[in-house]
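Here is the structure we will look at.
For ligands, and for the atoms within them, numbers begin at 1 and follow the listed sequence.
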Amino acid sequence: MWAAGLVGVVAALAGLASAELLAGLVDRWRSPVVVVGDRVVDLVPPAVKDWAIDTFGTSDKVVLIAGTLVIIAAVALLVGVWACRGRWTAAWAGVGAFAVAGAAASLGRGSSGVVEVAPSLVAGAVTAVVLRWLATSARSAWGAGDPTAAASGTAALADDRAVSMRALQADSRRRFLGVTAGVAAASVAVGGVGRWLQRQAAVTVERLKVVLPGPVSPAPPVPAGVSVGVDGVGPFITPTPDFYRIDTALVVPQVGAEDWTLRVTGRVDRPLTLTYEQLLARPMIERAVTIACVSNEVGGDLIGTARWLGCRLDDLLAEAGVQPEADQVVGVSVDGFTAGFPTAVLDGRDALVVVGMNGEPLTAKHGFPARLVVPGLYGYVSATKWLSEIRLTRFDEFEGYWIPRGWAVEGPVLTQSRIDVPRAGDSVAAGEEAPIAGVAWSMLGAVTRVEVQVDDGEWQEARLGEAYSDTTWRQWALSWTPDAGEHTLRVRATDDAGETQTSQVTDVAPDGARGWHTIRVEAS
Ligand SMILES: Nc1nc2c(c(=O)[nH]1)N[C@H]1C(S)=C(S)[C@@H](COP(=O)(O)O)O[C@H]1N2
Ligand SMILES: [Mo]
């Protein structure tokens with residue numbers, strides 16, 4: 001009996017898993033279990049619905065799906081028994097009824113056409129094939145064509161024949177169990193992948209539906225003059241698809257905005273909870289800000305500039321009422337990551353609870369639905385993505401994620417400059433004019449001078465692109481006519497406080513890389 005039941009349940013599992021996978025792969029296709037659940041919700045009398053909501057509260061959907069699965073499992077048991085007894089007509093009818101029910105349900109509510117029945121029909125077909133296969137294997141393992149009849153048949157057989165028969169059957173039972181376990185495990189894996197893909201798609205669709213409010217204070221337009229017009233020096237605003245991504249997440253968290261909230265907690269007079277809608281309703285400002293990773297090597301590309309849309313963090317915290325003993329603002333992510341910076345950093349600079357990046361809702365990779373961006377600080381102490389909580393605390397009571405792992409408690413972005421053109425190892429034409437160009441940043445002051453040294457010559461002042469703001473990088477370029485041979489190029493920036501970058505190279509840990517970006521090129 002148990003083997004027959006197992007056959008039915010595992011066959012149903014395989015069918016449902018294939019449907020989940022299809023629903024994950026094709027946006028318009030939906031999981032049969034979910035569509036059936038939807039139809040039940042549509043068809044059930046209001047009184048029953050009210051009772052369900054009263055009894056199960058917000059878990060009513062979970063209960064509904066669980067209930068659907070229990071019914072499927074019960075019928076699957078029965079179908080398995082029929083199949084193992086060779087009552088194929090009944091078995092096929094059972095499988096068919098479910099495929100048809102799923103198909104019919106998928107034609108209901110918001111259907112966009114007849115192809116939507118595909119997951120249910122495929123589920124039915126896969127179930128049928130697996131059922132046939134496992135039932136046949138079970139029948140040969142249990143002999144007498146009927147595993148539901150337990151061992152009575154074999155026990156009746158006398159002497160030697162019975163013994164060898166039993167050995168043979170023990171063997172094929174092991175094989176049956178192995179195959180069944182394999183099919184079950186594969187189904188769970190396939191179904192899991194399908195659910196995961198569906199979740200991704202759901203958040204993508206939700207994100208596409210978001211209409212961002214306009215900013216009460218837009219970012220000043222980017223003048224053409226910010227660009228030095230050299231090919232190979234990136235655009236001043238980094239396109240989102242090219243923007244560096246750094247985080248500890250193995251898979252990008254898919255956070256839906258619908259049931260997401262942002263809480264302001266800890267050492268505040270009035271803890272706050274905002275829904276996504278409430279967050280969007282706050283006055284939004286837009287600012288172009290360059291953000292960088294502390295792990296950016298000298299010359300590295302873990303830096304980018306975007307137009308960030310968000311509400312002011314200082315306003316939000318003022319509303320919550322930061323208590324005087326709080327000295328740290330900690331962003332907490334839904335994935336458990338934390339990053340903290342001094343409350344003193346909120347000195348009027350445009351620290352934002354960001355919802356938009358370059359005119360669109362944040363992408364999942366960059367923190368949808370919301371993240372922090374604090375000009376002047378490395379991401380690891382400030383730029384929490386998939387933000388769920390802003391916690392006011394003290395440095396002597398809380399350390400952000402990277403601090404116990406050996407990184408500095410405070411992470412102001414160091415002044416740096418980078419040569420983008422030519423690239424290290426490039427060969428350039430000797431005797432022809434070629435530009436040397438790149439970007440430089442000083443995140444709270446301004447870059448006032450960039451100098452380039454060719455081999456051991458004099459430092460030459462580069463032409464600077466127009467300054468945009470003191471929280472964005474600045475492009476620079478110098479024209480150069482190389483002699484034939486190998487050359488070493490170096491760059492250094494000076495900020496408005498008169499500080500020139502140190503030549504002393506340091507590792508990225510614990511507080512960011514120092515030193516001059518130096519490359520070698522060949523002119524011939
Ligand atoms: N939830 C979460 N947020 C995070 C991180 C993380 O690991 N998890 N990494 C931070 C670091 S180290 C950096 S440099 C920035 C990078 O932001 P980006 O991926 O949007 O460029 O995100 C910050 N926010
Ligand atoms: Mo970082």
Side-chain angles (χ1 to χ4, degrees), residues 203 207 234-235 237-257 260-263 287-298 300-310 313 329-341 345 351-391 398-414 416 439 441 443 471-473 506-513:
V203 172
R207 188 184 152 261
I237 301 287
T238 314
T240 307
D242 301 340
F243 208 92
Y244 81 96
R245 172 190 163 206
I246 290 288
D247 51 61
T248 57
L250 288 181
V251 289
V252 177
Q254 300 290 323
V255 184
W260 172 89
T261 56
L262 172 62
R263 296 183 303 133
R287 294 291 180 264
V289 174
T290 300
I291 68 168
C293 185
V294 68
S295 301
N296 197 28
E297 306 276 353
V298 173
D301 57 6
L302 302 180
I303 179 166
T305 304
R307 288 186 292 116
W308 307 102
L309 177 81
L313 179 59
V329 183
V330 174
V332 181
S333 169
V334 299
D335 70 354
F337 173 87
T338 52
F341 54 89
V345 156
L352 301 180
V353 180
V354 165
V355 294
M357 180 178 185
N358 294 334
E360 285 176 7
L362 282 170
T363 58
K365 279 182 185 171
H366 295 291
F368 184 83
R371 72 175 304 171
L372 292 177
V373 166
V374 183
L377 301 185
Y378 285 125
Y380 82 104
V381 288
S382 67
T384 306
K385 303 190 277 188
W386 314 292
L387 185 66
S388 64
E389 183 184 339
I390 300 169
R391 193 184 296 159
F398 188 85
E399 287 182 321
Y401 182 86
W402 284 112
I403 312 310
R405 293 168 173 83
W407 296 81
V409 172
E410 295 200 21
V413 177
L414 300 174
Q416 263 296 347
V439 285
W441 55 94
M443 280 305 297
T471 58
T472 45
W473 56 14
T506 64
D507 190 42
V508 294
D511 64 347

| message | ring pair (Phe, Tyr, Trp, His ring centres under 6.0 Å), that's the test. Do Tyr378 and Trp441 meet it? Break it down for me. | response | CA-CA 13 Å; Tyr378 285 125; Trp441 55 94; 9.6 Å; no

Side-chain donor/acceptor pairs under 3.5 Å, residues 361-371, sequence neighbours excluded:
| unit_1 | atom_1 | unit_2 | atom_2 | d |
| --- | --- | --- | --- | --- |
| Thr363 | OG1 | His366 | N | 3.4 |
| Arg371 | NH1 | His366 | O | 3.3 |
| Arg371 | NH2 | Ala383 | O | 3.2 |

Ligand 1 polar-atom proximity to protein (N/O, under 3.5 Å):
| unit_1 | atom_1 | unit_2 | atom_2 | d |
| --- | --- | --- | --- | --- |
| ligand 1 | 1 (N) | Ser333 | OG | 3.1 |
| ligand 1 | 1 (N) | Asp335 | OD1 | 3.4 |
| ligand 1 | 1 (N) | Lys385 | O | 3.2 |
| ligand 1 | 3 (N) | Lys385 | N | 3.0 |
| ligand 1 | 7 (O) | Thr248 | N | 2.8 |
| ligand 1 | 7 (O) | Thr248 | OG1 | 3.4 |
| ligand 1 | 9 (N) | Ile246 | O | 3.3 |
| ligand 1 | 17 (O) | Arg371 | NH2 | 3.0 |
| ligand 1 | 19 (O) | Ile246 | N | 3.0 |
| ligand 1 | 19 (O) | Lys385 | NZ | 2.6 |
| ligand 1 | 20 (O) | His366 | ND1 | 2.7 |
| ligand 1 | 20 (O) | Arg371 | NH1 | 2.7 |
| ligand 1 | 20 (O) | Arg371 | NH2 | 3.4 |
| ligand 1 | 21 (O) | Tyr244 | O | 2.7 |
| ligand 1 | 24 (N) | Ala383 | O | 3.0 |

| request: Begin with the C-alpha distance, continue with both residues' side-chain angles, and end with the deciding distance and a verdict on side chain to side chain contact (heavy atoms under 4.5 Å, CB included) for Val345 and Val374. | output: CA-CA 9 Å; Val345 156; Val374 183; 3.6 Å; yes

| Partners meeting salt bridge (Lys or Arg N to Asp or Glu O under 4.0 Å) with Arg263 (sequence neighbours left out) |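 Expected list: Glu389.
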
| said: Using the side chain to side chain contact (heavy atoms under 4.5 Å, CB included) definition, which of the options Thr238, Val439, Ile303, Ile237 pairs with Thr290? | reply: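 Among the candidates, only Ile303 passes.
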
Could you go through residues 334-341 and list every donor-acceptor pair under 3.5 Å that involves a side-chain atom there, pairing it with any protein atom two or more places apart or in another chain?
| unit_1 | atom_1 | unit_2 | atom_2 | d |
| --- | --- | --- | --- | --- |
| Asp335 | OD1 | Ser333 | OG | 2.5 |
| Asp335 | OD1 | Phe337 | N | 3.1 |
| Thr338 | OG1 | Tyr401 | N | 3.0 |

